[in-house]
Amino acid sequence: MPREDGVRPGGEGPRSLETRELECFLVLAEELHFGRAGERLYVSQSRVSQLLRALEGRIGARLVERTSRRVALTPLGERFRAELEPAYGRLAAVVEEARSAARCVRGSVRLGFLGSAHHRMTAALGLFHARHPGVTTSVVEVTMADPFGPVRRGEVDAAVLLLPVDEPDLVTGPHFERQPWRLAVSIRHPFAARAGIDAEELVGTPLIHSAPPAPAYWRDHQAPLRTPGGLAVPRGPAVTTLQEGLATAAAGGGGMLLCRPTAETHVRSDLAFVPVAGLGSSELTLVRARDGETAVVRAFVQAVTETASGTGSDTVSVPRARAAVGL
């Protein structure tokens, strides 16, 4: 039965406690005035009374004595306040720490790249670190022979790789802009003096290709077995890294297809990089494990999305970032 003072005995148990009621009690215990407590809480005086009654109902006893002349804590109210204040302070600190962590991404992100660090990727790094200076980033080269392995093994959190990517356990995107192909050949090769070649002319040059375990579909895209017209293209040597491929091409071992940014960043005196028409284009994308996304990775994906689309700031310089980037 309800008590004469209107407080139900027994209460509703700690699981139903409302933090707003606890906050209201602590403010009222400090002010000892319903009007001033309401002003501090930005609620009406009647709402303060309502919150206090609800809390006393949960506890099953009076916490505050109110007369026409004064407001005072009951003995139970004094004990409750003494124990509640430090506990409530700890709770508030935990919530604020969680909010701070949500606002400021911290940790590290490891980024792999194939061939060369695309300018959009370096711009993304700059934008990312301008937003999240507490994150450390390391950048490592991914080999042609095993482009997806480092992501799968957790050696990198994400990698910038050439499409196509047909791997069920990996997620792709955003994509970078499409780029035309260049054929790297020795300066002694007949193509070296040409301003460009047609894809059908590849029938006369063995194409250097990636060694396994890179998937066959991926290797064949970088070094097609046939021209767009259906003519067979001879296979050249298999290599594991970009530098091996460039050295093989310089030595006259065949031609190597590269996207234009990679060709432009690997200019050397013993190689010519000849534009290839009729072969479509190459395209880079960000690749990561389907089940490996973290708050840091999601934040980096956002930065890449903005820079890949041109909506982010490309003016942030990479040296500002706290990153171990050997570019």
Side-chain angles (χ1 to χ4, degrees), residues 113-116 118-120 142-148 159-168 170 172-268 271-287 308:
F113 68 92
L114 179 71
S116 64
H118 191 275
H119 75 280
R120 289 289 189 189
V142 173
T143 66
M144 294 171 53
D146 191 20
F148 308 128
V160 178
L161 304 174
L162 281 168
L163 289 170
V165 178
D166 186 16
E167 308 296 316
L170 302 181
T172 64
H175 301 340
F176 295 87
E177 70 267 27
R178 296 176 180 271
Q179 296 288 343
W181 290 104
R182 296 287 186 267
L183 182 68
V185 293
S186 166
I187 57 173
R188 299 180 298 276
H189 193 283
F191 289 163
R194 302 268 299 273
I197 64 170
D198 186 83
E200 299 301 320
E201 296 180 82
L202 293 174
V203 295
T205 300
L207 289 185
I208 299 166
H209 62 283
S210 302
Y217 75 86
W218 191 84
R219 289 183 279 130
D220 292 346
H221 184 78
Q222 322 308 329
L225 296 171
R226 294 189 175 276
T227 69
L231 301 177
V233 178
R235 274 291 197 200
V239 297
T240 59
T241 68
L242 173 63
Q243 293 303 321
E244 286 181 13
L246 294 175
T248 301
M256 185 177 187
L257 286 170
L258 306 169
C259 64
R260 182 175 61 185
T262 299
E264 291 174 346
T265 56
H266 289 86
V267 174
R268 43 192 287 178
L271 283 174
F273 297 94
V274 186
V276 181
L279 199 59
S281 57
S282 65
E283 189 172 6
L284 291 167
T285 187
L286 190 68
V287 178

**OP:** Among Leu286, Leu163, Leu284, find the one that has a side-chain contact (heavy atoms from CB on, under 4.5 Å) with His175.
**Re:** Leu163
Could you tell me whether a side-chain N or O of [X] sits under 3.5 Å from a main-chain N or O of [Y], the two making a donor and an acceptor?
| X | Y | answer |
| --- | --- | --- |
| His266 | Thr262 | yes |
| Glu200 | Gly229 | yes |
| His209 | Val239 | no |
| Arg188 | Ala250 | yes |
| Arg219 | Pro213 | no |
| Thr285 | Gly173 | yes |
| Thr227 | Ala199 | no |
| Thr265 | Pro261 | yes |

Original post:
Do the rings of Phe148 and Trp218 sit parallel, tilted or perpendicular, given the 30° and 60° boundaries?
Top reply: perpendicular
Original post:
In Å, rounded to the nearest 0.5 Å, how long is the span from OG1 of Thr205 to CE of Met256?
Top reply: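 Rounded to the nearest 0.5 Å, the OG1-CE separation comes to 14.5 Å.
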Original post:
Would you say the side chain of Met144 lies within less than 4.5 Å of the side chain of Leu242, judging by non-hydrogen atoms?
Top reply: yes
Original post:
Hey, is CZ on Arg178 packed in by over 12 heavy atoms from elsewhere, all under 6.0 Å?
Top reply: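 Atom CZ in Arg178 is not packed in, count stays at 12 or less.
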Subject >> Salt-bridge present (Arg226, Asp220; N to O < 4.0 Å) >> reply: no
Subject >> Test: Arg194 and Glu201 ion pair at under 4.0 Å >> reply: yes
